[in-house]
Amino acid sequence: MINLPGISNIERPVFLAPMEDVTDKAFRKICLEMGADLTVSEFIASEALVRNAEKSFLKMEKSFPDETLVVQIFGNNADVMADAAQMVEERGAAIIDLNFGCPVKKIVNKGVGAALLRDLPLMKEITRRVVDAVKVPVTAKTRLGWTTDDLVHHEVALMLQEVGIKALTMHGRTRSQLYSGEANWEKIAEIKQNPEFKIPLIGNGDIDSAEFALNCFENYGVDGIMIGRAAIGDPWIFKKVRAALNGEEYDEVVSIEERSRVCKEHLINTADWKNEKKAVLEMRKFYGGYFKGIPGFKPFKIKLMEANTFEEVFAVFDEVNEKLHI
Ligand SMILES: Cc1cc2nc3c(=O)[nH]c(=O)nc-3n(C[C@H](O)[C@H](O)[C@H](O)COP(=O)(O)O)c2cc1C
C-alpha cells in the first residue's frame, strides 16, 4: 500500500506514467476508466508556470471533477520550483511530482530533468524547498544515474527520502540510455533491499503486459508500478493488469469495435476540451496505436489521417468495424 491521496487503500497500485503530449486530461480520463489507479500530468516547466503561461495551466486541468490530480513540474531554480509548486497546489493538485529524469537533449542542456542526476546537492535543495513550500505530498521521478558507470540510485533514493518525499518512482534506465536497451529491474529492486530506504518505491520501465506487471510486484518487490508507452494505444492494459493481480481471467485480445469505441471517446474527450478541428488533428498521432497489429488497417489509417471532421472520422470507424476482424 502507498499512503498517497487516491490510492491509500489500493493494494499494488498501477500508475499511468507522465508523458508529454500524451497524458493530457483527455487521455488520462480514458486510462482512469480502464482502471489506472493514479495518473500523472505531462511535465510542466516551473519557469512557465510562474510566468503565468496559459499552456501550462491547461496541462493541470482535471479530467473530471473528482480526479486525484498529480502534477509533475520541472526546473532547476529552487525558488521558482517552490513558487510553481504553490501555484500547482492552489489549482487543486493532490500530489506534486518532481521530474529528475527527463533525458531529452533540449531539457538536460538547460540543466533540468535528468541533468540534476549530475548535481545531487541541487536536486536535494530543490526537493527540500518544494516540500517545505506545500502541504500536499511531494514525490519524485528519476532514473538510475547519468551513465551505467555512474549509478546514483541508492544515493538519490536516500537523499530524497531524507528531505521528505512521500514516494519515489524509478525508471530503470540511465540518462545516456535514453529509451534504448532494457530497463534494469534488478537495480530498481536494489533500492527496496536497502533497509534504510523506507518510503514507497514505484518501478517503471518497459511494462507492456499483465504478466510483466505481475512479475514486477512478485520478483522485484516494488510497492507500485508505472506504465507509460504500452498504454498508448492499449489503455486496456490497466484492466488486464488489475485482473492478473486479482488472479482473475482476462482477455488478451481487444475487439475491433472496442478499439473504435475507445478511440472515438478519446477524440470526443479532446474535442470537448479544445475543439473538433484541433481534436481531429491531435488524434492523428494515436490512431496507429489503437489499431496496432490489426491486419488490413493500413488503408483505414490513411483515411483517418486525411479526415478533418467528426463525421469523416466516425464514417471510417464504421467501415473499420464492418470490414476488419481480429
Ligand atoms: C512520449 C513520451 C513523453 C514522456 N514525457 C515524460 C514526462 O513529461 N515526464 C516524465 O517524468 N517522464 C516522461 N516520459 C517517460 C515516461 O514517464 C516513462 O518513464 C518511460 O516511458 C518508461 O516507461 P515505459 O517503458 O512504461 O514507457 C515520457 C516518455 C514518452 C515516451
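Count residues from 1 along the sequence. As the structure lists them, so they are numbered: ligands from 1, and atoms in each ligand from 1.
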**Report entry** Given Asp234, Asp208, Asp251, the one that forms salt bridge (Lys or Arg N to Asp or Glu O under 4.0 Å) with Lys240
**Finding:** Asp234

Query raised in the report: Is there a donor-acceptor pair under 3.5 Å between the side chain of Thr147 and the backbone N or O of Ser176?
Result: no

Query raised in the report: Could you give the distance from CD (Glu125) to CG (Asn77), rounded to the nearest 0.5 Å?
Result: 10.0 Å

Query raised in the report: Can you list the residues that meet the side chain to side chain contact (heavy atoms under 4.5 Å, CB included) rule with Ile326, with sequence neighbours excluded?
Result: Val253, Ile256, Arg259, Ile294

Requested in this report: Inspect the surroundings of NZ in Lys277 and state if more than 12 heavy atoms from other residues, nucleotides or ligands are less than 6.0 Å away.
Outcome: no

Query - Within 6.0 Å of CD in Glu249, more than 12 heavy atoms from elsewhere - result: no

Query - Those protein residues which place at least one heavy atom below 4.0 Å from ligand 1 - result: Ala17, Pro18, Met19, Glu20, Phe43, Gln72, Asn99, Lys141, His171, Tyr179, Asn204, Gly205, Asp206, Ile227, Gly228, Arg229

